Each structure stands twice: as C-alpha cells, then as structure tokens.
Amino acid sequence: MSTLFLRTLRDDPADAEVPSHRLLVRAGYVRRVAPGVFTWLPLGYIVLRNVEEIVRKQMVNAGFQEVHFPALLPREPYEATGRWDEYGPTLFRLQDRKEADFLLGPTHEEMFTLLVKSEYSSYKDLPVSLFQIQTKYRDEARPRAGILRGREFVMKDSYSFDYTDGGLVESYGKHRDAYIKTFNELGLSYVICSATSGAMGGSASEEFLAPCENGEDTFVRCTACDYAANVEAVTTTPGPVADADAQQAAVVVSTPDCSTIDDLVKFANSDATLSSDGRVWKAEDTLKNVVVMLEFADGTSAPLIIGVPGDRAVDEKRLEAAVAPAAVRAFEPADFKEHPELVPGYIGPQVLGEKSPSGIRYLVDPRVVPGSAWLTGANVSDQHAFNVVAGRDFEPDGTIEAAEVREGDPCPNCGAPLTLARGIEIGHIFQLGRKYAEALDLKVLDENGKRVVVTMGSYGIGVSRAVAAVAEQSHDDKGLIWPRAISPADVHIVATSKDDAVYAAAGSLAEDLETAGLRVLYDDRRAASPGVKFKDAELIGVPTIVVVGRGLVDGVIEIKDRATDERREVPVGEAVSVILEVCS
RNA sequence: CGGGGCGUGGCGCAGCCUGGUAGCGCACUUGCAUGGGGUGCAAGGGGUCCCGAGUUCGAAUCCCGGCGCCCCGACCA
C-alpha cells in the first residue's frame, strides 16, 4: 500500500449523501469529475472489473455471445425507430466535423437488431442471444447519489432473437436464470418484481430490485406468498360486485365549501340528511375524480378523469405507467374553461364517460365495482350526491391502476397483506416483442419460406450500479464490507510496528498468501500509525484483515473478520493454511 | 423544470452581517518523539476567495449581472 495510488479521506465529502457515494469516495475508490461522471481509481476499478467478470462469466455460461458496439453511434438507426426524437434531452448528441449527427448510446436495441439483420436471414440461425458490456450515456435530468445514478455508467445489455413467441418465452427464461445466478454470485440481496415495460414497450417484464433505503423504486412484497411487484405494476383486487337495483336512488345534497374530501367527510357526518340513519362517513366512501390531460405522441391531447376512493391519492408514477406511451400533464385553469361541465372540487361521474354527452374518458379504480354506491360530486358548485351507483348512475369506460398502493393492501395473488419497500433497480428483463424488429425490418424466412418478423427480448444489468448497490447493502459506520467475490482483495494485511522484523514477517506472509492464490492488499506503510491503518482497513472493506504486530514476539498473528469483527490469534506457522480456509 | 442550499489551498469548513493585504482542521514536506485504534511537538510549502462589471482610497466581504455545484421533487431501460 505504500505505493498504491490511494488517498483515503477522514471527512465525508460535502456533496455525498447516500452511504455508497460517501464511502466509495472516502475509501478512495472513485472520484467525481463532472456531475454524474466518475473516475474509477485502482481499488474501485478492481471491484468494477470483478463485477463485470462475474456478469460476463454467467452470460457466457448461459450460452450468450459477447460483442462490443461503439458507444459513439450514428443518428440514422435511432431515427428509424423514432428514438432520436422520443429520447429527448436525455440523449447525448454531438456532431462530427461535417456536422453529421451522432449520439452516445443510451442503450443499444437498434444496433443489435441491425447487426442480426445484416448477418442472419433464416429461422435456422435462431434463437441467438448476444450481449455486450458497454459504457452508456444518458443526460439525466438530475444525476444523483454518486455511482447509483450517473450520466455515464457501465451496463451489460443482452438481446435475444427468436422467430416464435414460444421461443421468446424460453430465451427470457434463460436470461432470468442467468440473472439469478449472477446476482447470487455478486452477493446482492434482491427481489424479482413484476414491472411495467415503460418507455421500452413490450409485454412481460420483471425487475431485479436490490432492497435498500436509498433505492429509487418502490415495490411491494407479499407477507404470505412470493408475489412481488414494482408499485407501478401492482394490480388491485376488486371487491365483490353489488346489486345496483338494491341500492337506493341517488340524492343530491347541498355541501357548501366542500371541495376537498376531508371537508366533505366532516360535513357529511354533521349533516342531517347524510347521517340520518346514524351512518358514519369515511373518506373511502367517497369517490374522488381527478382530472388530468393526456398528451399523445401525435401531438393531440385529451382529458382523462380517474375515479378513485376518496381515501387514496392518485400515484403519478402508476398513472403514467398505466397510460403510457401517452404523457400526463396537469389540468390547467384554461382547460377547465374549455370543459364547463367539469366543476373543480365537485366533479361527479354522472356526466362522465365516452358514452355520456361530455364524451370525456372516465376510468375508475378497480375498487369501484359495478353496483357500488358512492358519495361524490354533483357537478354543481357546493353540491354533492350520495348513493351514486356505478353501472346505474354512471358508466365508466374501464378501470385503471392509478391509485396509490399502501402498506397492508391485499396481495392480488393470495389476499395476504402487502409490505412496501424501496429498492435499486439492478437488472431488468423483458420480452420486447417485435417493435424494434418491425421498425428496422428484421425478418427471417421460416420453415415455410415465409418472411416473419423476429421477436426480441431485452435484458440489462447495471454493472457500475451493482457496485454501488453492494456498497449500499453492505457497509457499517466504519466503512465498506465487500463480499469476497467482488472485493478488491481477499486479505488486507496490516503491519503495526516500527520493528523491521514485523515488516519482514508481514511481507513474507503476503507473498506466501499470493503464492497460495489469494489476492492480498498489504499495508506496509511505515509512517502511518496503527490507528490509521486499522481505520483505513475498515474503510476499504476487504473481508479478512490480518494484523501482524505485537503478537509476533509470541509467534502469533491476528485474523479479523471485517463483517463480524470476530478475531482469532493464530501461530505464524499456521497462518497461511488458516487464512486460506477463512477465505475459501 | 419547481423548491432549498452552497461556491474561500487537494478535502472539510470559518471569515462576509459591521470593507482595511486570508484563517482553522485534515492531507502534504522536514525534523524529533511515539508505535495496537485517525499519536504528540516544532518548522514549512501550497489559495485567480466561481466569473464579470460596479461602489470605494481600499472588496472574500457591499451592489448588479452571469456561471457552476449539491440536496428535495418532477423526470429517468
């Protein structure tokens, strides 16, 4: 270590909040060079390469073949799939000296598709899966959390090519298995969650989320069965269908100054008409109707109203996932002017729906089942209506998964309560389908000599992100704690003494361990005090720390486990074999 | 893009309100001491005080304009 290019920091860097960022900088693994852009220093680069190697090995074991595209790409393929425009400002764009447009690849669907197209033309060549480990570029609106969300990052992306839907399912399964092996080997804890396919399009999709407080995704997990899903993909269990005819007729009541659900519930419970039968009203008895404006790719827009039980907010992420690829924007005062039938604060479903005179699309939460009765807006200022029955007094155009998901909501699979947690997306696999193959005209001849569009799967692992994810999951207040598989070394030897004999012994132990096949980090710094060396060792986080020092006069060295802090003294003569065993 | 905060040696910060030639801790260099938990003493090196324009005899400090960065949110395979 006396010659290792490393400088640890005693203080936390001011710009780092999350543990992985703080510790990777403090321990001398990475340095920031621009927002969301980092340099990997020697120790950090070893860890990054270790992760990369494990990922590569598992991909190759699964039968996928590695290629390597440029990061610098021409505009045309992305023009053909529409992504040159769709990707928007997130795409790093640049021009060459002839002013031709280029981009730095944010992901490589186009290139893989074109590559296969240029080489293959028969069903006999399929299936095939190709992958690469590449630096990707995305000009994120707000890079954050250090390595977790950078603008330049390393990603492994694979693509499968099949000519039948069944083949795609099989290729997807192979990738899923390979991902499980990969993340297990990396030492990450993770949950496989149902996901929405988002901007990429496609159908079946699962995310590998590493549970962690600082994760950007929220997911649910069932307390009883193995259901897990990103909140965006959680499905709501509808209640039983009620008999609309058994319900009493809807009644309009005057509800002055009740434009919020809270006010309405309070009012309802003090109003003679509404609580005449002693009924206690709750927010969940009300039907809240939220207006948004949908903007479509062709530039048109249309209002959409979402009906949810009044005790639930509309979750914007879920809403956006549900209406994708359309974009959601707020309903402005100017929009209300164009739709006088919508009375802010008093919107009721009686005038909504594509079949209604207003023609405004109306989608409801699945809990709003046919026959259910609600307290809701009367479409007149200061008036609400109760006993408004779905299917009788209004006709939704369908259901939508947009209401917030809450801890304790029933599992769609088994009904047991769900728990909520945060996670880092470390992998995403999905069945892309034929979108890109169609756009780029990737077809092969099938058994009947007919040209068929190839169907694709797309699979990503955030390699650099995985390094940060491990750091998030595996650290304590003293520093990092690497799983052995990706640790920069197996053993960190600390020599504490001014005595040459100690350094001689530590040095030869280091050599012996290396000869025995272990990766050794040897702190031979003479000037550093023991305290500094111990602190550094803990910060750096190599899983096994060996101390050669004062015990040497008695012929023993000390072996410490970084994670558990367990220590044992071992005679020098047995050191190599004991350490080998500890490190196996 | 909305909200908040911050730009002063490599890092973390004080100084700014109340203008007077830049300071502390860490790191670095040298020496002596120390040697099992960020050790002590002493001596050093290193700064366009984000940039520009202004007020002033004099600006890190006051005024105006700009830029950058970080955090929360929006956004994001």
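Given the structure is predicted, the values throughout are model-derived calculations rather than measurements. Below, chain A is the first sequence line, B the second, and so on; all start at residue 1.
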Extract all donor-acceptor atom pairs below 3.5 Å that involve side chains of residues 31-42 of chain A and protein atoms in other chains or at least two apart in sequence.
{"from": "A/R31", "atom 1": "NH2", "to": "A/V25", "atom 2": "O", "distance (Å)": "2.3"}

Quiz item: Do any N or O atoms from the side chain of A/K117 and from the backbone of A/L440 form a donor-acceptor pair under 3.5 angstrom?
Solution: yes
Distance between [atom1] atoms of [N] and [M] (Å, rounded):
N: B/U30; M: B/A22; atom1: C1'; result: 25 Å
N: B/C50; M: B/U61; atom1: P; result: 8 Å
N: B/C64; M: B/C17; atom1: P; result: 15 Å
N: B/G45; M: B/C63; atom1: P; result: 36 Å
N: B/C6; M: B/C13; atom1: C1'; result: 12 Å
N: B/U21; M: B/G68; atom1: C1'; result: 28 Å
N: B/G4; M: B/G44; atom1: C1'; result: 42 Å
N: B/G38; M: B/A27; atom1: P; result: 12 Å

Self-check item: Base paired to B/C41 (Watson-Crick or G-U; both N/O distances under 3.5 angstrom)
Solution: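 WC or wobble partner is B/G31.
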Quiz item: If pairing requires Watson-Crick or G-U wobble contacts with both distances under 3.5 Å, which nucleotide is the partner of B/U56?
Solution: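 B/U56 is paired with nothing.
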By salt bridge (charged side-chain N to carboxylate O under 4.0 Å, His left out), which residues pair with [X], not counting sequence neighbours?
X: A/D15; value: none
X: A/D500; value: A/R526
X: A/R75; value: A/E79, A/D101
X: A/R142; value: none

Quiz item: With sequence neighbours left out, which residue pairs that include part of residues 129-159 of chain A fulfil the ring pair (Phe, Tyr, Trp, His ring centres under 6.0 Å) condition?
Solution: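 Every pair satisfying ring pair (Phe, Tyr, Trp, His ring centres under 6.0 Å) with a residue in residues 129-159 of chain A: A/F112-A/Y159.
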What protein N or O atoms touch nucleotides 22-24 of chain B N or O atoms at under 3.5 angstrom, if any, and at what distances?
none

Quiz item: Between the side chains of A/S205 and A/H428, is a donor N or O closer than 3.5 angstrom to an acceptor N or O?
Solution: yes
Quiz item: Partners of A/Y78 by ring pair (Phe, Tyr, Trp, His ring centres under 6.0 Å), sequence neighbours excluded?
Solution: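 Once residues adjacent in sequence are excluded, A/Y78 has no partner under the ring pair (Phe, Tyr, Trp, His ring centres under 6.0 Å) criterion.
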Exercise. Name the nucleic acid region contacted by A/Y459, choosing base, sugar-phosphate or nothing; use a 4.0 angstrom heavy-atom cut-off, strictly under.
Key: nothing
Quiz item: Which comes earlier along RNA chain B counting from the 5' end, the contact point of A/I461 or that of A/A528, where each point is its nearest nucleotide?
Solution: A/A528
Quiz item: Which nucleotides of nucleotides 36-50 of chain B have their base under 4.0 Å from a protein heavy atom (B), which only their sugar-phosphate (S), and which neither (-), written as one string 5' to 3'?
Solution: BBBB-----------
Self-check item: Where protein sits on nucleotides 66-75 of chain B, one letter per nucleotide: B base, S sugar-phosphate only, - none, heavy atoms under 4.0 Å
Solution: ---SSBBBBB
Exercise. Provide the full list of salt bridge (Lys or Arg N to Asp or Glu O under 4.0 Å) pairs with a residue in residues 466-479 of chain A, sequence neighbours left out, each pair given once.
Key: A/D476-A/R562
Exercise. Could you note down all residue pairs passing salt bridge (Lys or Arg N to Asp or Glu O under 4.0 Å) where residues 544-558 of chain A supplies at least one of them, sequence neighbours left out?
Key: A/E558-A/R567
Quiz item: Hey, are A/K181 and A/E185 close enough for a salt bridge, meaning a charged N less than 4.0 Å from a carboxylate O?
Solution: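 A/E185 and A/K181: not salt-bridged.
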